[in-house]
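Notes follow once the structure below has been shown.
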There are 2 protein chains.
Amino acid sequence: MKAADLERIRSLQLFSGMSEDQFNDVTQGAYLQTFPAGLTLLYEGDPVDFLYILMDGAVELQGTWNDKESTLAILRPISTFILAAVVLEANALMSARTLEKSQILMIPAEAFRRIMAEDAAFAVSVAREVSGCYRGLVRSIKNQKLRNGTERLANYILTQQVRQGNPDVVVIPHEKRTLASLLGMTAENLSRAFAQLADYGIEVHGAEIRILRPVPLRRLAKPNPLLDNHAPPGMGGSGKAEKEMWPPSLGMAGRA
Amino acid sequence: MKAADLERIRSLQLFSGMSEDQFNDVTQGAYLQTFPAGLTLLYEGDPVDFLYILMDGAVELQGTWNDKESTLAILRPISTFILAAVVLEANALMSARTLEKSQILMIPAEAFRRIMAEDAAFAVSVAREVSGCYRGLVRSIKNQKLRNGTERLANYILTQQVRQGNPDVVVIPHEKRTLASLLGMTAENLSRAFAQLADYGIEVHGAEIRILRPVPLRRLAKPNPLLDNHAPPGMGGSGKAEKEMWPPSLGMAGRA
DNA sequence: AAACCAAATTGACATTTATCAATCGGAACG
DNA sequence: CGTTCCGATTGATAAATGTCAATTTGGTTT
């Protein structure tokens with residue numbers, strides 16, 4: 001592996017605390033590999049032999065049951081995935097598929113677990129990383145159970161607005177059907193949800209969402225740090241920005 | 001704290017691997033406290049000062065948004081809760097409320113984190129524990145997004161059937177409204193879902209669910225280890241029974 | 001035993017969401 | 001430059017789910 005890549009990996013929260021020797025050890029048998037778009041890296045139910053770290057591109061995590069499938073998360077660099085399965089030496093609960101050509105670091109699960117047991121600092125980092133992922137999922141469930149489709153879409157837009165940095169325009173970085181699945185609705189209903197948001201100052205042209213009037217949108221969406229993660233990627237969350245101040249002017253819902 | 005209680009705690013997966021000294025250290029400032037039913041121990045958004053371990057009774061984890069609330073999990077002994085928040089020194093994402101009179105062990109978060117950093121074996125145990133919780137949530141989301149209300153109920157019954165050990169009768173151990181919220185539906189629709197299951201050999205009398213014909217029920221429910229955790233409690237999962245054989249006679253859905 | 005209360009159930013209805021079919025539109029390709 | 005294909009959209013309809021109000025039920029209190 002190239003030195004520059006190693007440097008990039010070393011700077012991740014997950015690896016920053018560990019000793020040099022052990023870092024070399026984990027990355028010893030690691031592959032940095034490039035996959036084409038639309039490739040399924042891992043099927044749910046499969047045994048997991050590697051920890052995956054998305055360095056570039058996009059990966060979808062999805063679940064299947066009874067011929068239906070649902071997108072559980074869309075990952076952007078830099079995100080780990082199937083970490084929990086690696087830690088527990090268990091089978092994958094989600095399939096992982098590239099949405100774009102992606103560069104992915106694969107670390108042998110065996111070595112990963114061994115080093116965890118040797119290096120307390122590293123084990124703590126792993127615990128932290130999984131904890132961040134866990135909290136991402138808690139938010140995800142709350143989002144799913146407490147909001148309706150239009151509300152989920154409105155909050156998705158606000159989240160992307162923050163992450164993409166442009167207050168006026170948000171770009172959907174993949175097919176809308178994928179977004180629909182992520183938001184727990186059909187592609188048809190996503191279209192209708194966008195139509196409803198026209199009343200709240202949203203205009204859609206292709207993949208581009210234009211936010212004309214942020215205030216009514218926020219009033220509808222009622223974003224909340226206990227449901228929305230307006231910071232790094234959801235599932236491989238770097239855990240940062242957890243305790244930042246919330247929306248400039250909106251009081252938090254309910255207590256505390 | 002009594003020696004018998006310490007013994008019980010020591011035998012938990014989470015604490016079994018650590019050194020004696022450090023075990024004494026963590027449990028030093030720990031309280032074993034009894035709370036009445038219906039008491040909220042912690043509100044979502046609150047800072048978390050303790051790791052909680054439910055030793056006896058029942059605790060509901062729930063989330064709120066916009067005056068709606070939803071039950072995310074119902075815990076039974078022995079389960080840890082809000083572990084991820086403790087690890088990350090973050091605020092709680094869920095409220096925790098006793099459903100019954102409960103005995104709960106409270107371990108100071110500060111000390112917990114300190115010991116984690118000192119004892120690699122313990123840190124690994126924590127990572128494992130959180131990973132188990134994470135996988136519980138993944139199943140929960142898949143259950144929520146891929147199944148309809150009646151299917152979720154049918155699978156709930158099958159899960160309880162396994163956990164309670166009686167193949168003919170399952171007892172709902174709390175109010176039905178709580179179950180409805182856990183399953184992501186209203187109390188009214190839970191009643192209707194039970195009515196629908198009459199066609200599949202289910203009879204309900206109060207809290208008692210009688211399973212007359214298991215076969216049609218299973219055919220409807222299509223239980224699957226990637227969505228259902230037919231073993232220990234969901235959120236404080238001891239991680240056991242993860243790779244057990246699946247339903248005696250039902251092939252697993254789809255691939256692998 | 002009567003009265004009372006809250007949870008559970010039932011019915012009628014509204015809303016949301018899914019499904020199916022048809023059409024539109026843009027990108028890729030010959 | 002037109003054709004083709006696939007995703008997105010739209011409309012019509014069905015199914016699922018939620019809401020509201022009225023009972024019913026079961027347990028507890030008096």
Side-chain angles (χ1 to χ4, degrees), chain A residues 36-38 60 65-71 74 97 99-101 143-156 170-199 202-210 220, chain B residues 37-38 58 60 65-71 74 97 99-100 143-156 170-199 202-210 220-221:
Chain A
E60 170 193 27
W65 181 77
N66 199 26
D67 296 326
K68 286 190 283 270
E69 62 177 59
S70 180
T71 301
I74 294 167
R97 182 168 60 186
L99 291 178
E100 314 170 355
K101 180 176 169 185
N143 189 39
Q144 186 65 37
K145 287 181 78 175
L146 292 166
R147 288 172 175 157
N148 66 26
T150 308
E151 288 163 346
R152 290 197 295 275
L153 175 58
N155 280 289
Y156 169 83
V170 162
V171 177
I172 306 169
H174 45 252
E175 295 183 354
K176 284 186 186 149
R177 51 161 60 182
T178 307
L179 175 58
S181 182
L182 178 68
L183 295 178
M185 59 177 102
T186 60
E188 291 94 327
N189 278 332
L190 176 61
S191 276
R192 290 171 188 128
F194 271 125
Q196 286 190 47
L197 291 186
D199 297 340
I202 293 298
E203 254 180 24
V204 186
H205 301 96
E208 199 178 283
I209 304 172
R210 203 155 232 110
L220 170 69
Chain B
E60 171 193 27
W65 180 77
N66 199 27
D67 296 325
K68 286 190 283 270
E69 61 176 60
S70 181
T71 301
I74 294 167
R97 182 169 59 186
L99 291 178
E100 313 169 355
N143 188 39
Q144 185 65 37
K145 288 181 78 175
L146 292 166
R147 288 174 175 156
N148 67 26
T150 307
E151 288 163 345
R152 291 196 296 275
L153 175 58
N155 280 290
Y156 169 83
V170 162
V171 177
I172 306 169
H174 44 252
E175 294 183 354
K176 283 185 187 152
R177 50 159 60 181
T178 306
L179 175 58
S181 182
L182 178 68
L183 295 177
M185 57 177 102
T186 58
E188 291 92 330
N189 278 333
L190 176 61
S191 276
R192 290 169 189 131
F194 272 126
Q196 285 191 49
L197 290 187
D199 297 340
I202 294 297
E203 255 180 22
V204 186
H205 302 95
E208 199 178 285
I209 304 172
R210 202 156 232 110
L220 169 69

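Throughout, protein chains are lettered first and strands after them, A, B, ... in sequence-line order, and every chain is numbered starting at 1. All of these numbers come straight from a predicted model, not from anything done at the bench. Both backbone and side-chain heavy atoms feed into the values below; hydrogens, waters and symmetry mates do not.
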Would you say the side-chain atoms of A:Ser181 pair up with the backbone N or O of A:Thr71, donor to acceptor, closer than 3.5 Å? yes
Tell me whether the OP1 or OP2 atom of D:dG18 has a side-chain N or O from B:Lys68 closer than 4.0 Å. no
Please give, in whole Å, the distance from D:dA8 P to A:Ile209 CD1? 12 Å
Atom CG in A:Leu182, atom CD1 in A:Ile74: separation rounded to 0.5 Å? 4.5 Å
At what distance, to the nearest 0.5 angstrom, does CD of A:Gln196 lie from OG1 of A:Thr150? 3.5 Å
How many angstroms lie between atom CG of A:Asn189 and atom CG of A:Leu183, to the nearest 0.5 angstrom? 11.5 Å
What is the distance, to the nearest angstrom, from the CG atom on B:Leu190 to the C1' atom on D:dT19? 16 Å
Can you give me the N/O atom pairs linking the protein to nucleotides 20-25 of chain D at distances under 3.5 Å, or say none if there are none?
| unit_1 | atom_1 | unit_2 | atom_2 | d |
| --- | --- | --- | --- | --- |
| D:dC20 | N4 | B:Glu188 | OE2 | 3.2 |

Range on DNA chain C touched by chain B, heavy atoms, distance below 4.0 Å: C:dA7 to C:dA12
Pull out every residue in residues 143-152 of chain A that has a heavy atom closer than 4.0 Å to any atom of DNA chain C, ordered by number, or say none. A:Asn148, A:Gly149
Round to the nearest Å and state the distance from B:Asn189 atom CG to D:dA15 atom C1'. 12 Å
Criterion side-chain contact (heavy atoms from CB on, under 4.5 Å) on B:Gln144 and B:Arg152, from CA distance to verdict: CA-CA 8 Å; B:Gln144 185 65 37; B:Arg152 291 196 296 275; 3.9 Å; yes
Supply the atom-to-atom distance A:Arg177 CZ to A:Met185 CE, rounded to the nearest 0.5 angstrom. 15.5 Å
CD1 of A:Ile172 to CD1 of A:Ile209: how many Å apart, nearest 0.5 Å? 4.0 Å
If you take all heavy atoms of A:Ser70 and B:Lys145, which pair is closest and at what distance? OG-CE, 2.9 Å
Over 12 non-hydrogen atoms of neighbours within 6.0 angstrom of NZ in A:Lys101: no
Grab the two heavy atoms, one from A:Glu151 and one from A:Leu220, that are nearest each other, plus how far apart they are. CG-O, 4.4 Å
Length of the CE-P vector between B:Met185 and D:dT19, whole Å: 14 Å
4.5 Å side-chain heavy-atom contact, B:Val204 and B:Leu197: no
Between atom CD in A:Glu175 and atom C1' in D:dC5, what is the gap in whole Å? 13 Å
Separation of atom CD in B:Glu208 from atom P in D:dG27, rounded to whole Å: 12 Å
